[in-house]
Structure formats: C-alpha cells, structure tokens
Amino acid sequence: MKYKYIILISLYLLHTSCEDFVSVEVPDYKIISETVFSNDITANSAVVGIYNELFKADFSNGNFRSVTMLAGLSGDNLRTTALNYAMIEFGENEILNTNSYNLDLWSSAYKIIYMCNAVLDGLQMSEGVTTKMKDKLMAEARFVRAFVYFYLVNLYGDVPLIQTTDYRVNALASRNTTPEVYELIIDDLKSAVAVLDINFDNGERLRANKFTAMALLARTYLFVEDWENAETFSNQVIDSSDNYTLLENLNEVFLVNSKESIWQLSPAGRGALSFITNEARIFILTSPPPNSQQPVALSSEIIESYDNEDLRLKHWIGKFDTENQAFYYPFKYKNNSQGIITEYNMVMRLAEQYLIRAEARAQLGKLTESIVDLDKIRKRANLQLISDSAPDIGKEALLDSISKERNRELFSEWGHRWLDLKRTGIATEVLSNKKSSWQDTDLLYPIPEDEINKNPNLTQNNGY
C-alpha cells in the first residue's frame with residue numbers, strides 16, 4: 001500500500017520538516033517524505049539523519065549552546081573569559097528566561113525528540129520495511145529519545161513528554177512529572193536493550209547497540225538511586241571486554257572508534273567538509289582570552305583538584321600563558337585543524353561505567369568491590385590505589401573519593417559535574433561560596449519564555 005507520510009511542524013521545533021533531517025549521505029542528499037519509509041535503505045537513512053542531527057544540534061554538538069558548554073559553566077569546571085552575556089548568565093547561575101542560548105538548548109533537544117517520534121510513527125505505518133530492520137531502527141530511535149529526555153529532565157526538572165508528531169497535541173502539552181519522564185526513559189531503554197544486538201555498525205561506534213543502551217540504563221538507574229540495577233547494567237557493559245577496554249594511553253581515548261568509547265558522534269554529521277570536533281575548536285586556546293571564538297577556560301577549582309603526578313593533568317589539560325596569567329583549558333580533543341577526521345565526539349565511555357559501578361557498589365555496602373572499580377581509574381591516572389592507602393575506608397569517605405574521581409575523569413564531557421552536584425545534593429554546599437548570587441532555585445534552568453508564551457499549559461520553574 002502506498003501512503004504519504006507528512007510530518008507536521010511542532011511548536012517545539014524551529015520550522016524543521018522531514019527533508020531537513022533525513023539524509024542518505026553526508027552532506028546534503030535528501031529524501032522526500034513520501035518515500036522515507038518505503039524500504040530498508042531509506043528507512044535506515046532516516047535514522048542516520050538523526051545521528052547526523054545530534055552533531056549539528058545546539059543541544060548535543062559541543063558548541064556554545066550545548067550541554068557540554070552550558071552545564072560546564074553552571075558547575076565549577078568552566079569559566080567564561082569573554083563578554084558573552086548569555087554564557088555569563090550560565091556561569092553565574094543567574095539565567096534569564098529570555099536567554100537565547102537556553103531557548104536553543106531546549107528547542108534543539110525537542111527537535112531531536114520530534115525526529116525520533118517521526119521515525120517511530122513512520123516505521124509503525126510502513127509496509128515496505130522488513131520486520132528485522134523495523135525493530136532495529138525503532139529501538140535506535142527510542143534510545144536516542146531516551147538519551148535526550150535524560151538531559152531535559154536533569155536540566156529542567158518536569159518537562160513535557162512529547163511522543164507524537166501531532167502538532168495540535170504537542171502545541172498544548174503540559175509538563176510531566178520527573179518520575180513520569182524517567183519511566184519513559186527506562187521503558188525506551190529496556191525496549192532498545194531487548195532488540196539491539198552487540199555489534200558495531202560497519203566497525204564504527206556511531207550508532208547505538210545493546211551495550212550502548214545498557215550503559216545509559218546504568219547511568220539512569222544511578223540517578224534514580226536504584227543501586228542494584230545500576231550495578232547490574234554497568235557490570236554487563238564492563239564484562240564485554242571484547243568490545244570495550246580502559247585504554248592505558250590517555251591520548252588515545254578520544255580518537256575515532258577508540259576501544260574505550262561506547263558511543264561517539266562524527267564531525268561528518270555536520271557536512272562533508274567537517275573534520276574536527278567543536279570541543280577541539282572552542283576549548284583549545286590559541287590566542288589570549290577573552291576571545292569570542294574560544295570563550296571559556298578551566299576553573300582554578302578543577303586544576304587544583306589534581307595531584308601533580310596525575311597523568312590526566314599532563315595529557316588532558318592544556319595551558320596558555322600570557323604576560324599576566326596562565327589559562328588552562330580542556331585538551332582531551334587535540335585536533336583543531338582541518339584535514340582528516342581523527343577524533344569523534346565522545347558521548348559515553350567505559351571509564352564512566354566503572355565509576356557508576358563503584359558508586360552503586362559503595363551504596364550497597366560492597367566496599368571492597370567498589371574500591372577495585374575506583375582503583376581501575378586511579379591506576380590509569382598514576383595515582384596511589386585506595387586498596388593500598390586506605391583499604392579500610394568507610395562508605396562515606398569512599399563515596400566522596402568516587403565523586404572527586406568522577407570530576408577529575410569526566411570534566412568537560414556532557415555536563416557530568418553539574419548533574420552530579422545536583423543529584424548528590426551538594427550543589428548548594430559547593431557552589432554557594434563560589435557564585436555570589438547562588439540560591440537553591442538555580443538547580444533547574446528556566447523554561448524558555450518563548451515556549452511559555454506559545455503554550456498556555458507550560459508552567460515556569462520556581463525562581464524565574
């Protein structure tokens with residue numbers, strides 16, 4: 001049966017149609033909506049288009065308006081060194097509900113969710129896509145939707161659950177509770193785990209497989225304090241040693257298809273002439289700050305958290321000296337020149353899974369096993385092992401060590417520090433002495449005023 005699948009525009013999108021997100025190849029080959037879900041090849045291309053969009057979208061591209069940048073400023077890892085008032089608001093945790101970067105973060109995230117919903121709807125209606133391919137692609141779309149909702153719920157709290165392409169429904173959607181959002185995230189991820197296989201797509205780590213979904217499930221369960229499931233799913237990822245390993249050479253971690261990577265995004269998603277990650281382009285300081293193109297540096301707090309012998313200080317942090325001051329910057333990505341793609345944007349990697357399992361085990365009272373996991377990270381960093389220095393460490397002290405190690409290991413990656421400060425309940429304790437206007441309501445970003453003006457059913461977070 002021939003059908004015509006028309007994607008309507010939601011008020012959460014910035015005027016994006018099917019043609020804007022479905023691409024067969026990088027950069028620009030587009031498929032008209034009538035044929036998107038007519039066979040396996042074109043349907044697969046629609047899902048490839050979602051992954052490409054993740055590298056282009058403000059929410060996920062590692063650029064100025066991304067989670068990595070804005071959440072990094074909200075915590076205590078990054079500081080802005082330029083007169084960019086939108087960034088300054090995030091750095092001071094005094095975000096106006098009219099902040100354009102906040103609007104772009106929100107709207108681009110919902111754009112990706114809408115794309116996932118469009119793929120799910122199209123595949124459900126399709127009679128031309130084989131069952132095996134349909135199941136795989138739907139599982140990937142649900143994984144990406146869960147991934148985006150994970151960040152939305154952690155940045156904004158209660159958010160609308162958009163699960164349709166019906167613009168009339170979406171335009172009036174109210175906010176769902178945080179538990180309801182997590183319920184959808186877990187349901188989507190469990191569905192993905194049940195369907196996806198363990199293989200990489202053409203040897204690349206650019207698409208979700210079973211372990212990618214398990215890794216995000218482990219993180220999600222950690223955030224909802226389901227320690228048993230956090231341990232269970234992180235354990236399955238870690239035990240897949242044929243697929244993933246903790247690399248000893250820190251300079252290899254962020255390379256294309258590094259064996260530590262669980263999921264990466266390619267710069268090629270932005271277009272055929274894109275060769276470098278946005279993180280390399282904007283983090284690596286090449287001229288004296290402040291600089292509108294390189295607007296941030298690392299905070300003194302993160303630099304001072306490292307021991308001198310820590311290899312991450314040597315390999316993952318760069319230094320730019322001026323006559324009056326030294327500026328430190330993230331140097332995990334090292335290729336900031338055009339040529340060939342040597343690095344992919346790292347979304348999830350194995351080191352985080354060790355830290356998730358360490359924390360879950362500590363919370364479960366399995367302190368010895370937790371120390372073993374934590375020491376995996378410390379050993380690679382050339383630090384003294386907890387098993388040697390403090391084998392009888394107590395639960396609270398061990399959890400504090402894990403928290404510090406998460407900061408030193410995952411800084412400048414996807415806002416981990418900001419989310420960790422909030423979920424562990426220490427944001428006010430840590431940030432109130434560093435941010436002059438800090439108040440508890442700063443824990444959530446404001447719902448963008450433009451969205452509230454469009455939708456009478458949207459409410460604002462407290463304090464805005």
Side-chain angles (χ1 to χ4, degrees), residues 62-95 99 101 154-155 250 278-308 310-322 324-334 346 355 381 383 400-424 426-439 442-443 445:
N63 212 331
F64 288 9
R65 296 166 173 82
S66 68
V67 169
T68 291
M69 175 66 80
L70 299 180
L73 288 166
S74 296
D76 59 352
N77 281 175
L78 297 179
R79 60 187 180 92
T80 182
T81 57
L83 292 178
N84 182 318
Y85 292 106
M87 285 188 178
I88 289 171
E89 289 178 17
F90 279 90
E92 295 179 351
N93 299 90
E94 289 294 304
I95 307 167
N99 186 298
Y101 283 22
N154 277 286
L155 297 176
L250 293 175
N278 285 320
E279 290 88 345
R281 182 175 56 81
I282 63 178
F283 281 155
I284 299 174
L285 296 179
T286 56
S287 60
N291 185 319
S292 62
Q293 298 304 309
Q294 297 167 334
V296 296
L298 287 170
S299 67
S300 58
E301 287 84 0
I302 183 66
I303 299 300
E304 292 167 1
S305 73
Y306 290 95
D307 294 335
N308 289 333
D310 195 319
L311 293 178
R312 293 168 299 194
L313 181 63
K314 176 181 178 181
H315 293 286
W316 284 355
I317 293 177
K319 183 181 179 184
F320 188 96
D321 288 308
T322 68
N324 302 315
Q325 188 176 357
F327 291 90
Y328 295 89
Y329 57 87
F331 196 41
K332 291 177 173 179
Y333 301 94
K334 305 181 188 304
M346 184 73 74
L355 292 165
L383 298 179
D400 182 61
S401 294
I402 293 168
S403 176
K404 291 176 180 176
E405 214 55 61
R406 284 182 64 89
N407 190 21
R408 291 188 285 249
E409 181 71 22
L410 301 173
F411 76 95
S412 73
E413 295 180 50
W414 288 89
H416 279 287
R417 175 62 171 174
W418 173 235
L419 302 191
D420 284 347
L421 289 172
K422 298 199 304 173
R423 73 176 176 85
T424 57
I426 63 172
T428 294
E429 175 188 343
V430 172
L431 299 178
S432 59
N433 294 325
K434 302 172 183 177
K435 316 254 183 155
S436 59
S437 300
W438 174 266
Q439 50 190 345
D442 293 334
L443 291 169
Y445 292 166

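Between the NZ atom in K334 and the NE2 atom in H315 there is a gap of 8.0 Å [rounded to 0.5 Å]. Here R312 contributes atom CZ and D307 contributes atom CG; the two are 9.0 Å apart, rounded to the nearest 0.5 Å. A distance of 5.5 Å separates CD in E94 from CG in D442, rounded to the nearest 0.5 Å. Atom CD of E89 sits about 9.5 Å away from atom CG of N84, to the nearest 0.5 Å. L410 CG to L419 CG: the interatomic distance, rounded to the nearest 0.5 Å, is 11.0 Å. In this structure, the separation between CZ on F327 and CG on L285 is 8.0 Å, given to the nearest 0.5 Å.
The backbone N or O of D76 sits nowhere less than 3.5 Å from a side-chain atom of K435 that would complete a donor-acceptor pair. Side-chain atoms of W414 come within 3.5 Å of backbone atoms of M346 as a donor-acceptor pair (strictly under, hydrogens ignored). Using modelled atom types, no side-chain atom of E405 and backbone atom of L355 make a donor-acceptor pair closer than 3.5 Å. Judged by distance alone, with hydrogens and angles left aside, the side-chain atoms of N77 form no donor-acceptor pair with the main-chain N or O of G72 at under 3.5 Å.
The shortest distance between side-chain heavy atoms of L78 and F283 falls below 4.5 Å. Using a 4.5 Å heavy-atom cutoff, the side chains of Y328 and L313 are not in contact. Residues N63 and R281 have side chains in contact (heavy-atom distance under 4.5 Å, counting atoms from C-beta outward). Side-chain atoms of E409 and W316, non-hydrogen and from C-beta on, do get closer than 4.5 Å to each other.
A salt bridge is defined here as a Lys NZ or Arg NE, NH1 or NH2 lying under 4.0 Å from an Asp or Glu carboxylate O, and R79 with E301 fails to meet this definition.
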Yes or no on side chain to side chain contact (heavy atoms under 4.5 Å, CB included) for L73 and I88, after CA distance, side-chain angles and deciding distance?
CA-CA 8 Å; L73 288 166; I88 289 171; over 6 Å; no
Passes side chain to side chain contact (heavy atoms under 4.5 Å, CB included), W418 versus N93? Steps please.
CA-CA 11 Å; W418 173 235; N93 299 90; 3.6 Å; yes
Please evaluate residues K332 and E413 with respect to the criterion side chain to side chain contact (heavy atoms under 4.5 Å, CB included), reporting the C-alpha separation (whole Å), side-chain torsions for both, the decisive distance (0.1 Å), and the verdict.
CA-CA 9 Å; K332 291 177 173 179; E413 295 180 50; 2.6 Å; yes
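Across all non-hydrogen atoms, the minimal contact from Y333 to I284 is O-CD1, 3.2 Å. Shown here for S305 and R408, the closest heavy-atom pair between the two residues is O-NH1, 2.8 Å. Residues I282 and M69 share a closest heavy-atom pair of CD1-CE, 3.3 Å. Closest approach of S403 to R417, counting heavy atoms only: OG-NH1, 4.3 Å. The two atoms that bring Y445 and I95 nearest to each other are CD2-CD1, 3.4 Å, heavy atoms only. A pairwise comparison of heavy atoms in P330 and S412 identifies CB-OG, 3.6 Å as the closest pair.
A cation-pi arrangement is absent between K319 and F331 under the rule of less than 6.0 angstrom and at most 45 degrees off the ring axis.
Of the candidates N407, T428, L443, I426, I426 is the only one forming a side chain to side chain contact (heavy atoms under 4.5 Å, CB included) with L421.
Side-chain N/O atoms of E92 and S437 include no donor and acceptor closer than 3.5 Å.
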